[in-house]
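Quick caveat: nothing in here was measured; it's all calculated off a predicted structure.
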Amino acid sequence: QVQLVESGGGLVQAGGSLRLSCATSRSIFSINAMGWYRQVPGKQRELVASISGGGSINYADFVKGRFTISRDNAKNTVYLQMMSLKPEDTAVYYCNAKIYYYDDYVKTNDYWGQGTQVIVSS
């Protein structure tokens, strides 16, 4: 298992920046993939960005060129640097970890942080 704690959310004006942090309870090298998701009321949680244990990165189209996912291996922390924020970026942002388990078949377990609120004012 892994515990995830997000921080860095807050209120920012449109065009501003925030950096979200996700601290993990274990080495990120032991986590198969990590990502950031966001959710607004009435909508499904959606992927923002992800990074695999091998360093492969994927971004949602709506954040390409604006957000950057990165990690600090020594601190067991994954970051989401958000630039040029828009009001539509307002959401609760969740850190996600995927860990693969091998039994009769490969199973992926998802772990989630408590979320951190991001509010972008116009």
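- Side-chain atoms of Glu88 and Val40, non-hydrogen and from C-beta on, never get closer than 4.5 Å to each other.
- Evaluation of the disulfide bond (SG atoms under 2.5 Å apart) test over residues 32-72, restricted to residues two or more places apart or in two chains, returns none.
- A donor-acceptor pair under 3.5 Å is formed between the side chain of Gln114 and the backbone N or O of Glu6.
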List the atom pairs, donor and acceptor, that lie under 3.5 Å between side-chain atoms in residues 90-98 and the rest of the protein, sequence neighbours left out.
| from | atom 1 | to | atom 2 | distance (Å) |
| --- | --- | --- | --- | --- |
| Thr90 | OG1 | Pro87 | O | 2.9 |
| Thr90 | OG1 | Val120 | N | 2.9 |
| Thr90 | OG1 | Val120 | O | 3.4 |
| Tyr93 | OH | Arg38 | NH1 | 2.9 |
| Tyr93 | OH | Asp89 | O | 2.7 |
| Asn96 | ND2 | Asp110 | OD1 | 3.0 |
| Asn96 | ND2 | Tyr111 | O | 3.4 |
| Lys98 | NZ | Asp110 | OD1 | 2.6 |

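- With sequence neighbours excluded, no residue forms a side-chain hydrogen bond (donor to acceptor under 3.5 Å, both in side chains) with Tyr105.
- If you chain together ILVMFWY residues whose side-chain heavy atoms come under 4.5 Å of each other, Tyr102 ends up grouped with Tyr100, Val106.
- Sorted by first and then second residue, the disulfide bond (SG atoms under 2.5 Å apart) pairs involving residues 35-92 (not counting sequence neighbours) form an empty list.
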Atom pairs and distances, side-chain donor-acceptor, residues 12-20, under 3.5 Å, sequence neighbours left out:
none

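- Every side chain to side chain contact (heavy atoms under 4.5 Å, CB included) that Ser30 has, sequence neighbours left out, goes to Arg26, Ser27.
- Among residue pairs with one or both ends in residues 27-58, those qualifying as ring pair (Phe, Tyr, Trp, His ring centres under 6.0 Å) are Tyr37-Trp112; sequence neighbours excluded.
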**OP:** Report the C-alpha separation of Thr68 and Leu80 in whole Å, then their side-chain angles, then the decisive distance to 0.1 Å, and conclude whether the side chain to side chain contact (heavy atoms under 4.5 Å, CB included) test is met.
**Re:** CA-CA 6 Å; Thr68 302; Leu80 183 68; over 6 Å; no
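- For Ser84, the side chain to side chain contact (heavy atoms under 4.5 Å, CB included) partners at least two apart in sequence or on another chain are Arg66.
- Here the closest non-hydrogen pair linking Leu11 and Ser121 is CD1-CB, 4.4 Å.
- Residues Phe67 and Leu85 form a side-chain contact, since some pair of their non-hydrogen atoms from C-beta on lies under 4.5 Å apart.
- The side-chain hydrogen bond (donor to acceptor under 3.5 Å, both in side chains) search around Gln39 returns Arg45, not counting sequence neighbours.
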Original post:
Is there a side chain to side chain contact (heavy atoms under 4.5 Å, CB included) between Ser70 and Gln81 once you walk through the steps?
Top reply: CA-CA 8 Å; Ser70 63; Gln81 180 67 55; over 6 Å; no
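- Within the 4.5 Å cutoff, the side chain of Val2 has heavy atoms near those of the Ile99 side chain.
- Taking Gln3 as the reference, Ser25 meet the side-chain hydrogen bond (donor to acceptor under 3.5 Å, both in side chains) condition, with sequence neighbours excluded.
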When the side chains of residues 51-62 are checked against the rest of the protein, which donor-acceptor pairs come out under 3.5 Å, sequence neighbours left out?
| from | atom 1 | to | atom 2 | distance (Å) |
| --- | --- | --- | --- | --- |
| Ser52 | OG | Gly54 | N | 3.3 |
| Ser52 | OG | Gly55 | N | 3.3 |
| Ser52 | OG | Ser56 | N | 3.0 |
| Tyr59 | OH | Ile69 | N | 3.0 |
| Asp61 | OD1 | Lys64 | NZ | 3.2 |

